[in-house]
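All values below come from the heavy atoms of this structure, side chains included, with hydrogens, waters and symmetry mates left out. Just so we're clear, the structure is a prediction, and the values are computed from it rather than from any experiment.
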Amino acid sequence: MTATTMPTAPGVGDLAQAPRRPKGRFSAARTARYAILLFSVLIVLIPVYVLLVTSFKGPGDATPTRAWALPQLWIADNWITAWDTLSPAIGRTLQMVIPASIISAFLGSMNGFVLSRWSFRGANVVFTLILFGMFIPYQAVMIPLNQIVLDIGLPNGVPTLILLHVIYGIPITTLIFRNYYESVPHELIEAARMDGAGMLRTYAWVVLPISIPSFVVVLIWQFTSAWNDFLFAVFFSTPNTGPVTVALNNLANGAQLQNYGVSMAGALFASLPTLLVYIILGKYFVGGLMSGSVKG
């Protein structure tokens with residue numbers, strides 16, 4: 001009787017003989033990706049570098065020929081002058097963008113909920129008409145819009161700009177919230193209905209508490225859009241009632257034209273709030289966008 005050898009399952013011995021890939025070794029594809037990313041970062045940061053170094057240069061030092069050079073003498077007077085000039089406009093801009101962002105976010109949330117979970121006959125037509133407002137060039141409606149504002153009697157400046165940013169923010173906020181609410185499980189809404197909750201109660205007690213990711217996305221979007229707006233600000237405000245974009249334009253084209261350092265410091269002041277918003281809330285912005293792309 002011959003002895004039979006039992007087949008052995010591949011195990012530790014076979015794995016030990018497998019060639020191991022040395023740790024810390026970069027493949028060519030991975031190295032190329034990092035090189036492309038590094039190059040892209042450098043391209044983006046080049047204007048920031050020029051802005052920053054120029055903001056510390058004096059009038060004779062801030063010239064196009066020395067745009068890449070470090071300041072011969074580092075001075076902070078440019079920042080003081082820019083702040084004294086722009087600080088009132090920055091305050092007015094905060095008074096404008098905060099209520100405009102919050103109001104448009106809540107209106108878009110209610111629109112998105114009704115159009116996605118409390119649909120009615122013609123809901124798709126209404127949604128299409130709302131989205132149509134995103135594709136109308138602002139320049140094409142400035143004259144009739146100006147006449148409407150005059151007929152309403154709103155004063156130029158912050159009140160008018162709040163109204164305009166709320167109205168023109170409704171299409172994009174409705175789109176974002178509708179896509180997000182489409183991912184909410186139907187069972188959650190049906191359970192609220194079975195408990196006797198109406199549309200407003202379902203929205204307030206069931207839907208609104210789970211809408212934080214989309215609210216973060218919408219608030220960041222509306223904040224930056226309203227803060228960086230220049231067209232509405234030029235048409236519906238004055239230098240004494242306008243936001244920071246108007247004040248920055250006047251700073252660059254006024255008596256400080258030859259002092260590039262003041263203009264660069266002003267540009268950094270004007271862009272700092274939106275930059276801080278993206279630095280602090282950037283990960284929530286991406287997470288909120290992705291949350292509406294996965295069905296629940």
Side-chain angles (χ1 to χ4, degrees), residues 44-64 66-67 75-101 104 136-147 149-150 154-169 220-278:
V44 172
L45 292 181
I46 283 175
V48 180
Y49 166 79
V50 175
L51 279 171
L52 189 60
V53 298
T54 306
S55 66
F56 289 99
K57 294 180 180 179
D61 194 15
T63 60
R66 288 186 47 81
I75 60 174
D77 294 343
N78 297 331
W79 290 82
I80 297 174
T81 303
W83 174 253
D84 292 339
T85 305
L86 298 180
S87 56
I90 292 176
R92 291 192 296 268
T93 308
L94 289 174
Q95 296 174 11
M96 175 192 69
V97 299
I98 293 177
S101 302
S104 60
I136 299 177
Y138 293 169
Q139 295 85 346
V141 298
M142 279 301 155
I143 295 178
L145 189 60
N146 186 49
Q147 187 60 46
V149 171
L150 291 176
L154 284 177
N156 278 344
V158 173
T160 298
L161 293 175
I162 290 176
L163 176 64
L164 295 178
H165 286 299
V166 168
I167 293 174
Y168 280 91
I220 293 176
W221 182 278
Q222 287 298 101
F223 183 92
T224 54
S225 298
W227 186 280
N228 295 326
D229 171 70
F230 182 69
L231 185 62
F232 284 154
V234 169
F235 272 82
F236 300 101
S237 68
T238 64
N240 295 326
T241 62
V244 67
T245 51
V246 174
L248 183 61
N249 180 71
N250 295 334
L251 177 66
N253 294 322
Q256 303 291 341
L257 179 60
Q258 300 302 321
N259 193 344
Y260 295 105
V262 174
S263 299
M264 299 302 178
L268 289 172
F269 269 130
S271 60
L272 186 60
T274 54
L275 181 63
L276 291 177
V277 166
Y278 273 110

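With hydrogens and angles disregarded, a donor-acceptor distance shorter than 3.5 Å links the side chain of Lys57 to the backbone of Arg66. Side chain of Ser101 to main chain of Ile98: no donor-acceptor pair is present (N/O by atom type, distance under 3.5 Å, no hydrogens or angles). Checked by atom type and distance alone, the side chain of Thr245 pairs as donor or acceptor with a backbone atom of Asp229 at under 3.5 Å. A donor-acceptor contact shorter than 3.5 Å links the side chain of Thr81 to the backbone of Asp77. Using modelled atom types, one side-chain atom of Arg92 and one backbone atom of Gly242 make a donor-acceptor pair closer than 3.5 Å. No side-chain donor-acceptor contact under 3.5 Å links Thr93 to the backbone of Trp227. Although no hydrogens or angles enter the test, the distance criterion places a donor-acceptor pair under 3.5 Å between the side chain of Thr224 and the main chain of Trp221.
One distance of note links CZ of Phe230 with CZ of Phe235; it measures 10.0 Å at 0.5 Å rounding. Of the inter-residue distances, the one linking Ser237 atom OG with Leu161 atom CG reads 5.5 Å to the nearest 0.5 angstrom. How far CZ of Phe223 is from OG1 of Thr274: 7.0 Å, rounded to the nearest 0.5 Å. Note that CG of Leu268 is 11.0 Å distant from OG of Ser263, once rounded to the nearest 0.5 Å. Between Leu150 atom CG and Thr160 atom OG1 the span is 9.0 Å, to the nearest 0.5 Å.
The aromatic rings of Trp83 and Phe269 sit tilted relative to each other, their planes meeting at an angle between 30° and 60°. Taking the six-membered ring where the residue is Trp, Phe232 and His165 present perpendicular rings, their angle passing 60° and hence far from 30°.
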Run the side-chain contact (heavy atoms from CB on, under 4.5 Å) check on Val50 and Tyr260 step by step: do they pass? CA-CA 11 Å; Val50 175; Tyr260 295 105; over 6 Å; no
Going through the distances and angles, do Leu154 and Leu163 end up as a side-chain contact (heavy atoms from CB on, under 4.5 Å)? CA-CA 9 Å; Leu154 284 177; Leu163 176 64; 3.4 Å; yes
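For Ala267 against Leu51, the heavy-atom pair with the smallest separation is CB-CD2, 4.2 Å. The shortest heavy-atom contact between Leu248 and Ala270 is CD2-CB, 4.0 Å. The two residues Gly169 and Gln222 have their closest heavy-atom pair at CA-NE2, 3.4 Å. Minimum interatomic distance between Asp84 and Pro88 (heavy atoms only, all atoms of both residues): O-CD, 3.9 Å. Here the closest heavy-atom approach between residue Ala233 and residue Val246 is recorded as CB-CG2, 3.5 Å. Residues Ala100 and Ile162 approach most closely at CB-O, 4.1 Å, considering heavy atoms.
Side-chain N/O atoms of Ser55 and Trp79 include a donor and acceptor closer than 3.5 Å.
Between Val141 and Ile136 the shortest side-chain heavy-atom distance falls below 4.5 Å. Between Met264 and Val53 the shortest side-chain heavy-atom distance does not fall below 4.5 Å. Under the 4.5 Å side-chain criterion, counting only non-hydrogen atoms from C-beta, Val149 is in contact with Phe236.
The side-chain hydrogen bond (donor to acceptor under 3.5 Å, both in side chains) test applied to Thr54 returns no partner, not counting sequence neighbours.
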